[in-house]
K.L.:
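Structure incoming, see below.
Read the numbers this way: they start at 1 and go in the same order the structure lists the ligands and their atoms. A quick note: this is a predicted structure, and the numbers were derived from the prediction, not measured.
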Amino acid sequence: MIAARNGRAGGARLAALGAYVPERVVTNADLERQVDTTDEWIVTRTGIRERRYASADQATSDLAVLAAGDVLRNSRMDPADVDVVIVPTCTPDHLFPSVAAMTAHRVGAVNAAAFDLQAACSGFIYGLAQATALVESGIARNVLVVGAEVFSKIVDMEDRSTCILFGDAAAGALVTAGEPECPGGFLGFELGADGSQAMDLCIPVGGTRRPASQPFAREEAFVQMNGREVYKFATRVMEESVVRLLDRLEVGIGDVDLLVAHQANLRIIDHAVKRLGIDGSRVFNNLERYGNTSAASIPLALTEARDAGVLNPGALVLLVGFGAGLTWASCLVRYEPE
Ligand code: COA
C-alpha cells in the first residue's frame with residue numbers, strides 16, 4: 001500500500017545497501033574448457049577474471065530475495081514499512097508476474113507495491129530515479145530498489161563473444177524520506193535511451209515479436225550482441241551523460257569522492273575515467289571477480305566499496321551506466337546511511 005501524498009515530503013536519501021552473490025565461481029580457466037578462448041584474451045579485453053553462476057534451481061527472484069534481505073537487515077527496517085519494491089532486471093523468472101511482486105512477498109514487504117523495471121544494465125540508476133520521485137512527491141516513504149540478474153541462463157555457452165562477459169548477482173539499496181522540507185541526498189539524474197540501436201544487444205526470441213512457440217534457431221534464444229557497436233556507444237555516452245549531469249548541477253569532477261560505473265568492461269571504464277579526468281584513486285571496480293552483472297553491478301560495487309571502507313558516510317558519489325535499449329544513466333548522490 002502506498003501512503004497518501006502528503007505534499008511536505010523530505011528529500012530522498014540513500015539509506016542502506018546490500019547484496020547477494022551465488023556461491024559457484026566460474027573462472028576464465030573454466031571457460032577455456034568450454035569455448036575457444038584464453039584467460040589472457042578475456043583479461044586484456046575486459047578485465048574479468050571470474051564470475052558467479054546461480055545454481056540450476058536458482059532463478060532471479062531467489063537472488064533478489066537474499067539481496068533484499070541484506071538491505072533490510074543493514075537498514076534495520078521492518079519489511080512491513082516498505083512502501084514500494086522495484087526490481088530492475090532484464091532476466092526475470094517469467095515474462096510475468098514480476099520478480100518484484102514475488103520478492104516483496106517473500107521478504108515480508110506485505111504493504112508494498114511492486115514492479116519490475118526494464119532498462120537492462122542502466123536499470124539500477126533508473127530505479128533510484130523512480131524511488132527518488134516516489135519519495136520526494138510524497139507518494140512513498142521507503143522504497144527498496146534491488147537489481148537482480150541471472151545472465152548465466154540467457155547467454156549462449158557456445159558463444160565466446162558473450163558468455164565470457166556476464167555473471168549472476170543481486171544487490172540493491174533502500175531509499176527513504178528525510179525530514180520534511182529537508183533537501184535529500186540525490187542531487188540529480190541524467191537518463192536516456194536510443195532505440196535506434198535496440199537490436200545491437202538483444203534476445204531475438206521469446207517475446208511477442210518472435211514467440212518461442214514459433215520455429216527458431218537455437219542461438220536466437222540467447223543474448224546476441226554487436227560488441228563493437230556497444231563498445232563505441234558505451235564509451236561515448238558515459239562521458240557525455242556525466243558531463244551533462246555535472247554541468248547542470250554545477251559540480252566539478254574534483255568534488256566527486258567516488259565514481260562507481262557499470263561494471264561491464266575495464267577498458268570502457270578506464271576510457272571514461274581518463275576522459276572525465278577523475279583521479280583513479282576515486283574509482284571503485286570489482287568486475288574482475290563478478291563480470292557484468294547488469295542491473296546488479298552498480299549496487300554490488302557500492303556494497304563492496306562500503307565494506308572495503310572506500311564508501312564512507314557523507315561521500316559524494318557519481319554513478320554511471322549503460323546497457324541494452326540502448327540506454328544510459330548517471331546520478332550524483334550523497335551517501336547518508338542510517
Ligand atoms: N576469446 C578469444 N577471442 C575472441 C573472444 C574470446 N572470448 N571473443 C571474440 N574473440 C575474437 C573475435 O572473434 C575476433 O576475432 P577475428 O578478429 O578473427 O574476427 C577478435 O577476438 C576481436 O573481436 P572484437 O569483437 O573486435 O574484440 P574487441 O576488442 O571489440 O572486444 C568485447 C570484444 C566484447 C570485449 C568488446 O567489444 C566489448 O566489451 N564490447 C562491449 C560489450 C558490453 O559491454 N556489453 C554489455 C553492455 S551492458
K.L.:
Counting distance only, does the side-chain N/O of Asp156 pair as donor-acceptor with the main-chain N or O of Glu158 below 3.5 Å?
P.N.:
yes

K.L.:
Can a salt bridge be assigned to the pair Arg49 and Glu288 using a cut-off of 4.0 Å between side-chain N and carboxylate O?
P.N.:
yes

K.L.:
Look at atom 4 (C) of ligand 1 and say whether a protein heavy atom is found at less than 4.0 angstrom from it.
P.N.:
yes

K.L.:
Which part of Ile42 is near ligand 1, with near meaning a heavy atom under 4.0 Å away: side chain, backbone, both or neither?
P.N.:
neither

K.L.:
What atoms in ligand 1 come closer than 4.0 Å to a heavy atom of Ala264?
P.N.:
44 (O)

K.L.:
Considering only non-hydrogen protein atoms, determine which one is nearest to atom 25 (O) of ligand 1 and report residue, atom name and distance to 0.1 Å.
P.N.:
Arg228 NE, 3.7 Å

K.L.:
Should Asp168 and Lys153 count as an ion pair when the cut-off is N to O under 4.0 Å?
P.N.:
no

K.L.:
Heavy atom of Asn265 under 4.0 Å from ligand 1?
P.N.:
yes

K.L.:
Would you mind checking which non-hydrogen protein atom is closest to atom 11 (C) of ligand 1, with the distance to 0.1 Å?
P.N.:
Arg160 NH2, 3.5 Å

K.L.:
Any Lys/Arg nitrogen of Arg160 or Asp36 sitting under 4.0 Å from an Asp/Glu carboxylate oxygen of the other?
P.N.:
yes

K.L.:
Within ligand 1, which atoms have a heavy atom of Arg45 less than 4.0 Å away?
P.N.:
22 (C), 27 (O), 28 (P), 29 (O)

K.L.:
Could you tell me which atoms of ligand 1, counted from 1 in the order shown, lie closer than 4.0 angstrom to a heavy atom of Leu201?
P.N.:
47 (C)

K.L.:
Under the 4.0 Å line, does any protein heavy atom show up next to atom 48 (S) of ligand 1?
P.N.:
yes

K.L.:
Kindly state if atom 14 (C) of ligand 1 has a protein heavy atom within a strict 4.0 Å cut-off, that is, under 4.0 Å?
P.N.:
no

K.L.:
Taking distance alone, with N or O pairs closer than 3.5 Å, would you say Thr46 contacts ligand 1?
P.N.:
no

K.L.:
Considering only protein heavy atoms, which is closest to atom 45 (N) of ligand 1, and at what distance to one decimal place?
P.N.:
Met225 SD, 3.3 Å

K.L.:
Below 4.0 Å, non-hydrogen atoms only: which portion of Asn292 touches ligand 1? Side chain, backbone, both or neither.
P.N.:
side chain

K.L.:
Using modelled atom types only, decide if a donor and an acceptor are shared between the side chain of Asp200 and the backbone of Val230 within a distance under 3.5 Å.
P.N.:
no

K.L.:
Looking at atom 19 (O) of ligand 1, is any protein heavy atom nearer than 4.0 Å to it?
P.N.:
no

K.L.:
In plain terms, say whether Arg248 and Glu190 are close enough for a salt bridge, that is, a side-chain N and a carboxylate O under 4.0 Å apart.
P.N.:
no

K.L.:
Out of Thr293, Thr89, Thr60, which one pairs with Glu149 under the side-chain hydrogen bond (donor to acceptor under 3.5 Å, both in side chains) rule?
P.N.:
Thr89

K.L.:
Is Ser161 in contact with ligand 1, taking contact as a heavy-atom separation below 4.0 Å?
P.N.:
yes

K.L.:
Do Val143 and Thr176 come close enough that some side-chain heavy atom pair is under 4.5 Å?
P.N.:
no

K.L.:
Give the numbers and elements of all ligand 1 atoms closer than 4.0 Å to a heavy atom of Gly227.
P.N.:
37 (O), 40 (N), 41 (C)

K.L.:
Distance-only, no hydrogens or angles: does the Asp255 side chain make a donor-acceptor pair with backbone N or O of Val251 under 3.5 Å?
P.N.:
no

K.L.:
Which heavy atom of the protein is the closest neighbour of atom 8 (N) of ligand 1, given with residue, atom name and distance?
P.N.:
Trp41 CH2, 3.3 Å

K.L.:
To the closest 0.5 Å, what do you measure between CG (Leu14) and CZ (Phe186)?
P.N.:
4.5 Å

K.L.:
Check whether any side-chain N or O of Thr327 sits under 3.5 Å from a backbone N or O of Ala119 as a donor-acceptor pair, and report yes or no.
P.N.:
yes

K.L.:
For atom 1 (N) of ligand 1, what's the nearest protein heavy-atom neighbour? Residue, atom name and distance, please.
P.N.:
Thr37 OG1, 2.7 Å

K.L.:
May I ask you to list the atoms of ligand 1 that are less than 4.0 angstrom from any heavy atom of Cys121?
P.N.:
48 (S)

K.L.:
Counting only N and O atoms by type, is there a donor-acceptor contact under 3.5 Å from the side chain of Asn286 to the main-chain atoms of Glu304?
P.N.:
no

K.L.:
For Tyr231, which part has a heavy atom under 4.0 Å from ligand 1: side chain, backbone, both, or neither?
P.N.:
both

